[in-house]
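This report refers to the structure that appears directly beneath it.
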Amino acid sequence: MPPINLCLLGFGNVGRALVRLLAEKRDELRQIYGIEFRITGVASRRLGWLASPDGLDLDSPGDIETLSRLTLSQSGIREWLEAAEAAVMFETTSLNPHSGQPAIDYIRTALESGVHAITANKGPVAYAYRELAGLARQKCRRFLFESAAMDCMPIFSLFRETLPGARLLGFSGIFNATTSVIIEAMESGDSFEEGVRKAQALGIAETDPAHDVDGWDAVLKVCEIACVLMDADCKPGDIERRGIAHLDPAEVRAARAAGRPFKLVARARLSAGGRLLASVRPEQVSSTDPLSQASGGSLMINFELDVLPGLTLIAHNPGLKSTAYGMLADFLNAVRDHMR
Ligand SMILES: NC(=O)c1ccc[n+]([C@@H]2O[C@H](COP(=O)([O-])OP(=O)(O)OC[C@H]3O[C@@H](n4cnc5c(N)ncnc54)[C@H](OP(=O)(O)O)[C@@H]3O)[C@@H](O)[C@H]2O)c1
């Protein structure tokens, strides 16, 4: 099989972790799946659009600065994908929580150009899932996003591959690790600001953790899961949202002492009339609730199905390598379909 040409749009933490994982897995992919690949395009705001159809040597991502001087810049995404002769594009640009752009336009262009689109970005799924999934079907390409909701926790592939015919009635979960770490720090006597610094020191929170703290990150995830798995026609703005910034440290400590600690809980359910009722807000959780099982940097989701009252998944301390793995798994699923 000829090598599959891969392009990376966005080359920050996740893009670089993906390059490292691809290098680590290169021999395994060749031996187990017969898959050869090469990276033929890299793009970011700072780098511009870099392409070389013979492959860029990115096994050591530090070389990118040299590459940017050696490789011709293209004028935009369509030209870049053509110059790179791309088969698969990995989209890892920064999240725009209010519109999902410009990542939606980037993914639309990739699919229109006959390129599989794999993203870790919540925006395109939360704001444009139906359109992009429809376009992918029309073009016989894949639009996949396993890392865009719960790092690499296999929730979309779980329903796609292993639960055919099961109907999702609702779900609840702990979707944001930064807020868990902040609340737990407050329980042990830290201020809110000290909790934020703890989450940053663990590498969980962004330099600006506003989207985590105010609940936007979790709202986008609720919207993604509801749109994809429940066929809900919802937008992030439709979901009730309360962050954790208003929580009183004394109240947080008292809740923990009473055995019903606060967590930022995400919920969604279809009403009898088929309307989506969804929220993200701090709630007190008892020790018998499955939600109590997620602490620190862990993420969890509990599904309620028409055929099974409770199915719970927990990802224990997922990191950048986990996010990169979700994209690698999407890549294998996309190209294996074409090898069948
Ligand atoms: N970090 C995580 O643990 C994690 C986990 C799951 C999902 N995600 C999602 O994955 C994506 C990437 O996260 P990250 O941590 O890798 O972010 P990051 O380190 O800030 O990297 C973002 C990259 O995207 C590029 N970029 C931003 N806007 C762009 C635009 N309009 N056009 C072209 N390139 C653009 C940046 O280029 P410049 O540097 O040149 O500006 C940078 O290379 C985000 O959507 C994030 O929400 C992250």
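These values consider heavy atoms only, across backbone and side chains, with no hydrogens, waters or symmetry-generated copies. Predicted model, so just to flag it, every value in this text is computed and none were measured. Atoms within each ligand, like the ligands themselves, are counted from 1 in listed order. For the single chain, residues carry numbers from 1 onward in sequence order.
Salt bridge status for Arg256 with Glu184: absent, with no side-chain N to carboxylate O gap under 4.0 Å. Ion pairing between a basic and an acidic side chain is recognised when a charged N comes within 4.0 Å of a carboxylate O; Asp217 and Lys122 show such pairing. A salt bridge does not link Lys235 with Asp238: none of the charged nitrogens is closer than 4.0 Å to a carboxylate oxygen.
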For ligand 1, output the ligand-protein N/O contacts shorter than 3.5 angstrom; if there are none, return none.
residue: ligand 1; atom: 15 (O); partner: Asn13; partner atom: ND2; Å: 3.4
residue: ligand 1; atom: 16 (O); partner: Asn13; partner atom: N; Å: 3.1
residue: ligand 1; atom: 16 (O); partner: Val14; partner atom: N; Å: 2.8
residue: ligand 1; atom: 19 (O); partner: Asn13; partner atom: N; Å: 2.9
residue: ligand 1; atom: 19 (O); partner: Asn13; partner atom: ND2; Å: 3.2
residue: ligand 1; atom: 28 (N); partner: Arg45; partner atom: NH1; Å: 3.4
residue: ligand 1; atom: 32 (N); partner: Tyr106; partner atom: OH; Å: 2.8
residue: ligand 1; atom: 34 (N); partner: Arg45; partner atom: N; Å: 3.4
residue: ligand 1; atom: 40 (O); partner: Ser44; partner atom: OG; Å: 3.0
residue: ligand 1; atom: 40 (O); partner: Arg45; partner atom: N; Å: 3.3
residue: ligand 1; atom: 40 (O); partner: Arg46; partner atom: N; Å: 2.7
residue: ligand 1; atom: 41 (O); partner: Arg45; partner atom: NE; Å: 2.8
residue: ligand 1; atom: 41 (O); partner: Arg45; partner atom: NH2; Å: 3.0
residue: ligand 1; atom: 43 (O); partner: Phe11; partner atom: N; Å: 2.8
residue: ligand 1; atom: 43 (O); partner: Gly12; partner atom: N; Å: 3.3
residue: ligand 1; atom: 45 (O); partner: Thr93; partner atom: O; Å: 2.7
residue: ligand 1; atom: 45 (O); partner: Leu95; partner atom: N; Å: 3.4

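Asp289 and Ser292 share no side-chain donor-acceptor pair at under 3.5 Å.
Around atom CZ of Phe37, more than 12 heavy atoms belonging to other residues, nucleotides or ligands sit under 6.0 Å away.
Using a 4.5 Å cut-off on side-chain heavy atoms (C-beta onward), Lys321 and Glu24 make contact.
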